[in-house]
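Residue numbers start from 1 in every chain, and the chains themselves are labelled A, B, ... in the order their sequence lines are given, proteins ahead of strands.
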Number of protein chains: 2
Amino acid sequence: MSTESTRALGSQMICQVGLIVRDIERSSAAYADLFGVEVPEWSLTDAYESAHTEYRGQPSAARAKLAFFNLGQVSLELIEPVGAPSTWREFLETHGEGMHHIAFHIQGMEEQLTILADKGMLAVQRGDYTGGRYAYVDAVPQLGLILELLENL
Amino acid sequence: MSTESTRALGSQMICQVGLIVRDIERSSAAYADLFGVEVPEWSLTDAYESAHTEYRGQPSAARAKLAFFNLGQVSLELIEPVGAPSTWREFLETHGEGMHHIAFHIQGMEEQLTILADKGMLAVQRGDYTGGRYAYVDAVPQLGLILELLENL
């Protein structure tokens with residue numbers, strides 16, 4: 001039992017659904033209209049000097065415009081890719097707009113990434129944000145989607 | 001204010017993320033391994049006589065195998081299409097495995113569908129389940145995804 005639990009992701013509480021969009025202002029307005037709420041302000045992710053973005057193991061200058069809607073336990077994150085290369089840009093060019101990832105808050109990023117890597121699910125992008133760090137893990141062959149791990153520090 | 005709220009979807013509480021899979025048993029095992037939980041039993045949606053499935057306005061014999069994982073407020077629904085035509089089959093053939101919809105519990109299905117139709121978001125599939133009814137609404141051009149409305153009766 002303990003062996004099994006240590007091999008599992010340390011969370012089942014989904015905290016975010018991430019959606020790639022072409023135009024953050026257009027999509028934010030459409031979701032605000034859907035829910036009957038104010039259009040949220042978008043923010044730009046940090047530049048490399050702060051975000052330390054790595055895409056497939058290499059530093060990347062890619063950024064993104066982000067806007068959030070509160071859906072209860074889950075926030076809906078709208079993401080417009082800015083620059084390249086990134087998992088965001090790759091998704092938009094491959095799939096167009098659509099759901100990109102589901103996210104979980106975890107503790108112990110390196111340990112969690114090792115657990116997932118042992119299942120064949122590899123990190124494709126990593127970086128820092130104010131107050132924490134993230135990793136996107138390509139689990140498309142196994143789970144049909146991308147996982148995002150979020151660790152607040 | 002009241003005018004605006006009556007034109008909005010009657011819920012912001014996402015209750016489900018739906019994922020199309022090729023093989024319900026393989027995908028259920030992979031998610032059970034990810035979360036360190038038991039593999040859930042899958043169930044088959046009802047036949048037409050009970051489900052009254054309509055796809056693009058026409059009766060459909062399509063069904064699906066379903067399995068669920070509890071992620072807190074949200075359940076992750078795995079869906080393996082069985083038969084055709086359905087939004088599930090269409091998605092699998094067009095996109096392969098991946099996230100298909102986000103769902104909201106609503107009240108007043110016809111009124112909610114009218115509100116969405118006024119925004120250009122049209123129902124593509126409808127049906128009944130034990131205790132309620134559902135509709136999938138194609139909001140891909142506006143929102144980049146499919147919405148599911150669930151109404152327990």
Side-chain angles (χ1 to χ4, degrees), chain A residues 1-22 26-27 29-38 69-76 78-79 92 95-102 104 115-116 118-121 137 139-147, chain B residues 1-22 26-27 29-38 69-76 78-79 92 95-102 104 115-116 118-121 137 139-147:
Chain A
M1 186 63 187
S2 65
T3 305
E4 185 167 316
S5 66
T6 57
R7 292 185 51 246
L9 187 67
S11 174
Q12 275 182 259
M13 297 292 282
I14 184 175
C15 64
Q16 191 181 88
V17 173
L19 190 88
I20 300 293
V21 302
R22 290 185 194 284
R26 174 182 174 276
S27 294
Y31 276 96
D33 181 63
L34 176 73
F35 294 127
V37 299
E38 295 283 310
F69 289 86
N70 179 350
L71 305 185
Q73 171 195 318
V74 171
S75 65
L76 180 68
L78 306 186
I79 305 166
L92 184 61
H95 301 282
E97 294 188 323
M99 284 186 278
H100 172 264
H101 69 264
I102 58 175
F104 298 87
I115 289 169
L116 295 178
D118 287 345
K119 303 180 193 299
M121 304 170 189
V137 175
V140 171
Q142 299 85 2
L143 304 177
L145 49 66
I146 293 168
L147 297 173
Chain B
M1 185 66 190
S2 65
T3 306
E4 185 167 317
S5 66
T6 57
R7 291 186 53 246
L9 187 67
S11 174
Q12 273 181 261
M13 297 292 281
I14 184 175
C15 63
Q16 191 182 87
V17 173
L19 190 87
I20 300 294
V21 303
R22 291 186 193 282
R26 174 183 173 277
S27 293
Y31 275 96
D33 181 64
L34 176 73
F35 294 127
V37 300
E38 295 283 311
F69 289 86
N70 179 351
L71 305 184
Q73 172 195 317
V74 172
S75 65
L76 180 68
L78 306 186
I79 307 166
L92 184 62
H95 301 281
E97 294 188 324
M99 285 186 276
H100 172 263
H101 69 264
I102 59 175
F104 298 86
I115 289 169
L116 295 179
D118 287 344
K119 302 180 193 300
M121 304 170 189
V137 175
V140 171
Q142 299 85 4
L143 304 177
L145 48 66
I146 293 169
L147 296 172

Side-chain heavy-atom pair A:L147, A:L116 within 4.5 angstrom cut-off: yes
Side chains of B:M121 and B:Q142 in contact at under 4.5 Å (non-hydrogen atoms): yes
Working for side chain to side chain contact (heavy atoms under 4.5 Å, CB included), residues B:K119 and B:L143: CA-CA 11 Å; B:K119 302 180 193 300; B:L143 304 177; over 6 Å; no
Under 4.5 Å from a heavy atom of chain A, the part of B:I14 involved: both
Any side-chain heavy-atom pair of B:F69 and B:L78 under 4.5 Å: yes
Which atoms of A:H95 approach chain B - backbone, side chain, both or neither, heavy atom under 4.5 Å: neither
Option that, when pairs with chain A are counted at under 4.5 Å, heavy atom only, ranks first among B:L145, B:V74, B:L34, B:I102: B:L34
Residue B:R26 versus chain A: region with a heavy atom under 4.5 Å: side chain
Pairwise side-chain contact, A:R7 with B:D33, heavy-atom cut-off 4.5 Å (strictly under): yes
Most contacts with chain B, counted as non-hydrogen pairs under 4.5 angstrom, among A:L76, A:L71, A:V140: A:L71
Part of A:F104 within contact of chain B (heavy atom distance under 4.5 Å): side chain
A:H100 side chain near A:I146 side chain, heavy-atom distance below 4.5 Å: yes
Engaged part of A:L19 at the chain B interface, taking heavy atoms whose separation is under 4.5 Å: side chain
Contact class of A:V21 relative to chain B, heavy atoms under 4.5 angstrom: neither
